S.K.: 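One structure, pasted below without further comment.
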Amino acid sequence: MNKAIFFKEWIKTRWYLLAALVVFVSYTLYLVLRVGNAIEFKGAAHLWAVLLTRDAVFIEPVQYLPMVFGLLLGVVQFVPEVVQKRLKLTLHLPYPQPGMVLMMMLYGLGALTVLSLAQLVAFWGFLQHYMAAELTAHILLTALPWYAAGYAAYLLTYAVCVEPSWRMRSLLILMGIGLLRVHFLLDVPQSYNSFIGSLFVFDLAALLLVLRSMVRFKEGCQD
Amino acid sequence: MTDKVIECKNLTHYYGKRKIYEDLSFDVPKGRILGLLGKNGTGKTTTINILMGYLKPRAGQCEIFGEDIQHISPATRARIALLLEGHIQYAFMTIEKIEKYYSAFYPKWNRDAYYELMNKLKVAPHQKIANMSCGQRSQVALGLILAQNADLLVLDDFSLGLDPGYRRLFIEYLHEYAKAETKTIFLTSHIIQDMERLVDDCIIMDYGRILVQQPVAQLMSTFRRYTYRVEGEQPALSSDKIYHPSVIRDCAELYSFENRGYVERLLQEAGIGYSDLREETMNLEDIFIGLTGKY
């Protein structure tokens, strides 16, 4: 049954995931080429100096990418379910209802994790050739909150889509904007280091909002 | 051991301050086909939503196969096939893929029942459901329901958007299946002729209450239309045993479960001068109109 749930989600999202893969690969290649060109023309030492003195991490253009990807994945996965009223069919299947909610979520979180990790590994693979391990870690640690925002955006979109009342939906959207803003408040590199773990946990805790929305959907709550 | 597949007691529901119904009670015995009839907005889909656990009623209890509808176990859900209004399905899937998907969940899945119906449609297995006509989609939904081999079928407005041919096909298939396999069916439809061909029992709802709950054959043999001629202005009729008396020019009509003698007495007591009193039985659609009124 788990395989069937993933199978359905895959058929639904595959074209979006393919498009997202192209965008992630394009962004990664663009940033690798940009940094590569800078190293070629100005030398790695110059890059190190910029990194240490100007708070630049070179991969800033990617900062909103995981968030946008998470948000759109949530939309692609759940807006049709709600608009076409298929969620009732899905929850009627002989499978535990909370389990069904979590399996669909697991699929999305899995897709998000695979693309995010692949991009981070690609950056790491490239940067470690030219920079000290500490500087590579400096860049990647700075980028971690951006990837955490992807999870938050995905889960909040899920909660908003499934929520049956517009009043609560609006509240969730406002909460979501606030939560996502937290990931982009501090622009000094590694400012989130001391609480990056807590931030990830806090983002993943948004799944409680999804479960709450699902309970409200089941009860047929209205404005 | 109860033979009631569905049992609802004292259901009350409101949308905001608008009462849908109060103290609605009914049950569906095993092996029967029960149709829920009512005008738009009387609460047919609300009842289906409550039964399937997608709406918490303000008061009352419902059980399906002895389980509280708010907490139906997956094993019991496997015994209930659900058709949503508009034959909603996973339209992004193909005929082949949707069969593969559903079969993973149902232990008694009958693949042949699904493909038998699909072969009649003459559509390719890789055809996407989204690209099919409404009638074809209804057959896909029906095929999936039959293949589930469920004990109870819950169908919400199955005739919506179907042309007469597909409606007839749907009804014949469903009727044959239900009778051959002793299935219980609870359904709604806004096309009353369909119900006459299909259902054993019916519940006719008005705004906020049940008007009638009885076997269709009994209803058709006991509910009558009386027509008569009147001249000039006549006093209004008043009795809780007659339904929707009306006069158009010199032709008057009323509906009742009572016999001719009762109606004659009623007209005489009201001081109505009448002639040419006629009594007739009706088809289910006319009975529905007689009970619920034309407006």
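So that the names make sense, note that chain A is the first sequence line, chain B the second, and so on, each numbered from 1. Just so you know, these numbers come straight off a predicted model, no measurement behind them.
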S.K.: Using modelled atom types and a 3.5 Å cut-off, is there a donor and acceptor pairing between side-chain atoms of A:K8 and backbone atoms of B:Y101?
M.R.: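 Checked: no pair found.
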S.K.: Between B:I80 and chain A, with a heavy-atom cut-off of 4.5 Å, which part of the residue counts as in contact: side chain, backbone, both or neither?
M.R.: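 Both parts, backbone and side chain.
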S.K.: Mind ranking B:P107, B:A78, B:A75, B:P57 by heavy-atom pairs under 4.5 Å with chain A and telling me who comes out on top?
M.R.: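 Max contact count across the listed options: B:A78.
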S.K.: Any donor-acceptor pair under 3.5 Å linking the side chain of B:R77 with the backbone of A:L93?
M.R.: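 The answer is yes, because a donor-acceptor pair under 3.5 Å joins these two groups.
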S.K.: Would you find more than 12 non-hydrogen atoms of other residues, nucleotides or ligands less than 6.0 Å from A:K85 atom NZ?
M.R.: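 Incorrect, the count does not exceed 12.
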S.K.: Measure the shortest side-chain to side-chain distance between A:L89 and B:Q89 over non-hydrogen atoms and say whether it is less than 4.5 angstrom.
M.R.: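 Heavy-atom side-chain distance check passes, below 4.5 Å.
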S.K.: Less than 4.5 Å to any heavy atom of chain A: does that hold for the side chain of B:L84, its backbone, both, or neither?
M.R.: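 Interface part for B:L84: side chain.
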S.K.: Taking everything shown except B:N119 itself, do over 12 heavy atoms lie less than 6.0 Å from its CG?
M.R.: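 More than 12 heavy atoms, drawn from other residues, nucleotides or ligands, come within 6.0 Å of this atom.
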S.K.: Is chain A contacted by the side chain of B:Q148, its backbone, both, or neither, given a heavy-atom distance below 4.5 Å?
M.R.: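 Interface part for B:Q148: neither.
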S.K.: Is there a side-chain contact between A:T90 and B:Y90 (heavy atoms, below 4.5 Å)?
M.R.: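 They are in side-chain contact.
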S.K.: Could you tell me which non-hydrogen atom of A:A4 sits nearest to which non-hydrogen atom of B:F105, and how far apart they are?
M.R.: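 Answer, listing the atom of A:A4 first, then B:F105: CB-CE1, 3.9 Å.
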S.K.: Quick check on A:R167: does its CZ atom have over 12 non-hydrogen neighbours (other residues, nucleotides or ligands) under 6.0 Å away?
M.R.: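 No, not enclosed.
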S.K.: How close do B:Q70 and A:K218 get, counting heavy atoms only, and between which atoms?
M.R.: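 For B:Q70 and A:K218, the tightest heavy-atom pair comes out as O-NZ, 4.3 Å.
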S.K.: Given that the side chain runs from C-beta out, which part of A:R216 has a heavy atom under 4.5 Å from chain B: side chain, backbone, both or neither?
M.R.: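 For A:R216, no heavy atom lies under 4.5 Å from chain B.
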S.K.: Please find the pair of heavy atoms, one from A:H92 and one from B:M52, that lie closest to each other, and give the distance.
M.R.: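 For A:H92 versus B:M52, the nearest heavy atoms are CE1-SD, 3.8 Å.
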S.K.: Do the numbers put B:K100 on top of the ring of A:F7, so that NZ or CZ is under 6.0 Å from the six-membered ring centre and no more than 45° off the axis?
M.R.: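 Judged by the rule (NZ or CZ under 6.0 Å from the ring centre, within 45° of its axis), B:K100 counts as positioned above A:F7.
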S.K.: Output the option from B:L83, B:I88, B:N49 having the highest count of non-hydrogen pairs under 4.5 Å with chain A.
M.R.: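 Ranked by contacts with chain A, first place is B:I88.
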S.K.: Measuring only between side-chain heavy atoms, which start at C-beta, is B:F92 closer than 4.5 Å to A:P80?
M.R.: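 Of all side-chain heavy-atom pairs linking A:P80 with B:F92, none is under 4.5 Å.
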S.K.: Could you please spell out the steps behind the side chain to side chain contact (heavy atoms under 4.5 Å, CB included) verdict for B:L55 and A:E219?
M.R.: CA-CA 5 Å; B:L55 189 60; A:E219 289 180 352; over 6 Å; no
S.K.: Are there over 12 heavy-atom neighbours, none belonging to A:F202, within less than 6.0 Å of that residue's CZ?
M.R.: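 Atom CZ in A:F202 is not crowded, with 12 or fewer foreign heavy atoms closer than 6.0 Å.
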S.K.: Do B:Y54 side-chain atoms and A:K88 backbone N/O form a donor-acceptor pair below 3.5 Å?
M.R.: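 Answer holds: yes.
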S.K.: Show the nearest heavy-atom pair for residues B:P74 and A:P96, with the distance to one decimal.
M.R.: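 It is CG-N, 3.7 Å.
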S.K.: Kindly compute the distance separating CG (A:L91) from CD1 (B:I72), expressed to the nearest 0.5 Å.
M.R.: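 Those atoms lie 12.5 Å apart.
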